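These numbers were taken from a predicted model, which means no experiment stands behind them.
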Amino acid sequence: MYLCNMMKGQGHEEERQWKVLSSEYLIRRPWLTARKDVLQLPDGRINPEFYVLEYPSWVNVIAITEEGRFVMVRQYRHGLGRMSTELCAGVVEDGEEPEAAGRRELEEETGYTGGRWSLQCVISGNPSTTNNLTYCYLAEGVRQTTEQHLDPTESITVLTMSREELMELMMSDDMKQSLMLAPLWRYFYLSEKVGDR
């Protein structure tokens, strides 16, 4: 019913879009690009300053070994000032396909390769103020075939977790990265649904 109602309303989508009257870049750096837009709302009102953070596409990977263990990484995250246990993730480079980026990041950060890959979902960290999407992949049956190849500023510890250990981490509220929690919760939900059949 919800989808039907959404489809009925799509004819008016264009009427609700905001018109960009002007744009100005406030900062353009490799890891931070901020834009100020002057917008006209559908009812004619003007919003003189709306800020958008521009980022490249991102990718993250739920990687599961042949033995059924989840490949995770642990690293310091300066924004929250704490260590964080996360999925392997990174930036999709210019001209790179998202799955190729996921395979590259998994190999660089963890040394794991191969497996059967499938796109799980495409999500946004904040559709209000960021312009990029995150491509979330499932890689089943990966194997460690090489060493890590980290960037100079990266210090990443690789660990594997059982399904139960990962669920406990998620339930404990210790994992804070929402762009990783969303595909993980989806994966566990769908795997439970398949198991119930």
Side-chain heavy atoms under 4.5 angstrom apart, residues restricted to Ile, Leu, Val, Met, Phe, Trp, Tyr: same cluster for [X] and [Y]?
X: Leu166; Y: Leu190; answer: no
X: Val38; Y: Leu41; answer: no
X: Leu159; Y: Tyr76; answer: no
X: Met167; Y: Met72; answer: yes
X: Leu181; Y: Met171; answer: yes

Donor-acceptor pair, [X] side chain versus [Y] backbone, under 3.5 Å?
X: Asp151; Y: Thr153; value: no
X: Glu168; Y: Glu165; value: no
X: Asp37; Y: Leu39; value: no
X: Asn131; Y: Tyr55; value: yes

Are [X] and [Y] close enough for a salt bridge, meaning some N to O gap below 4.0 Å?
X: Arg103; Y: Glu107; value: no
X: Arg28; Y: Glu54; value: no
X: Glu66; Y: Arg143; value: yes
X: Arg82; Y: Asp174; value: yes

So, do [X] and [Y] sit near enough that their side-chain heavy atoms are less than 4.5 Å apart?
X: Thr85; Y: Leu169; result: yes
X: Met175; Y: Met180; result: yes
X: Cys136; Y: Val122; result: no
X: Val158; Y: Val71; result: yes
X: Ile123; Y: Tyr135; result: no
X: Asn60; Y: Pro183; result: yes

Residue pair [X] / [Y]: nearest heavy atoms and the distance that separates them:
X: Gln17; Y: Pro42; answer: O-CG, 4.0 Å
X: Gln148; Y: Ile156; answer: NE2-O, 3.1 Å
X: Val73; Y: Leu87; answer: CG2-O, 3.6 Å
X: Val91; Y: Pro56; answer: CG1-CG, 3.5 Å
X: Trp58; Y: Asn132; answer: CD2-ND2, 3.2 Å
X: Tyr112; Y: Thr65; answer: CE2-CG2, 3.8 Å

Spacing of [X] atom [atom1] and [Y] atom [atom2] [to the nearest 0.5 Å]:
X: Arg35; Y: Ile27; atom1: CZ; atom2: CD1; result: 15.0 Å
X: Leu26; Y: Glu24; atom1: CG; atom2: CD; result: 5.5 Å
X: Glu147; Y: Glu108; atom1: CD; atom2: CD; result: 14.0 Å
X: Leu184; Y: Leu179; atom1: CG; atom2: CG; result: 11.5 Å
X: Cys88; Y: Glu105; atom1: SG; atom2: CD; result: 6.0 Å

Could you give me the CA-CA distance, side-chain angles and deciding distance for Glu99 and Tyr137, then say whether side chain to side chain contact (heavy atoms under 4.5 Å, CB included) is met? CA-CA 7 Å; Glu99 183 178 323; Tyr137 286 92; 3.6 Å; yes
Check the side chains of [Y] and [X] for a donor-acceptor pair under 3.5 angstrom, ignoring hydrogens and angles.
X: Thr160; Y: Arg69; value: yes
X: Arg77; Y: Ser84; value: no
X: Ser118; Y: Gln120; value: yes

Between Trp18 and Phe50, does the ring centre distance come in under 6.0 Å? yes
Test side chain to side chain contact (heavy atoms under 4.5 Å, CB included) on Met83 and Arg74; report intermediate values, then the result. CA-CA 7 Å; Met83 294 294 291; Arg74 188 159 174 80; 3.4 Å; yes
Lys36 atom NZ, neighbour heavy-atom count above 12 within 6.0 Å: yes
Output, in order, the C-alpha distance, side-chain angles, deciding distance and verdict of side chain to side chain contact (heavy atoms under 4.5 Å, CB included) for Thr33 and Leu53. CA-CA 6 Å; Thr33 298; Leu53 300 177; over 6 Å; no
Name the orientation class of the two ring planes belonging to Tyr187 and Phe70 (parallel below 30°, tilted from 30 to 60°, perpendicular beyond 60°). perpendicular
Determine, for Tyr189 and Arg186, whether the Lys NZ or Arg CZ falls below 6.0 Å from the six-membered ring centre while staying within 45 degrees of the axis. no
Step by step, would you call Leu106 with Trp117 a side chain to side chain contact (heavy atoms under 4.5 Å, CB included)? CA-CA 12 Å; Leu106 184 66; Trp117 286 64; 3.9 Å; yes
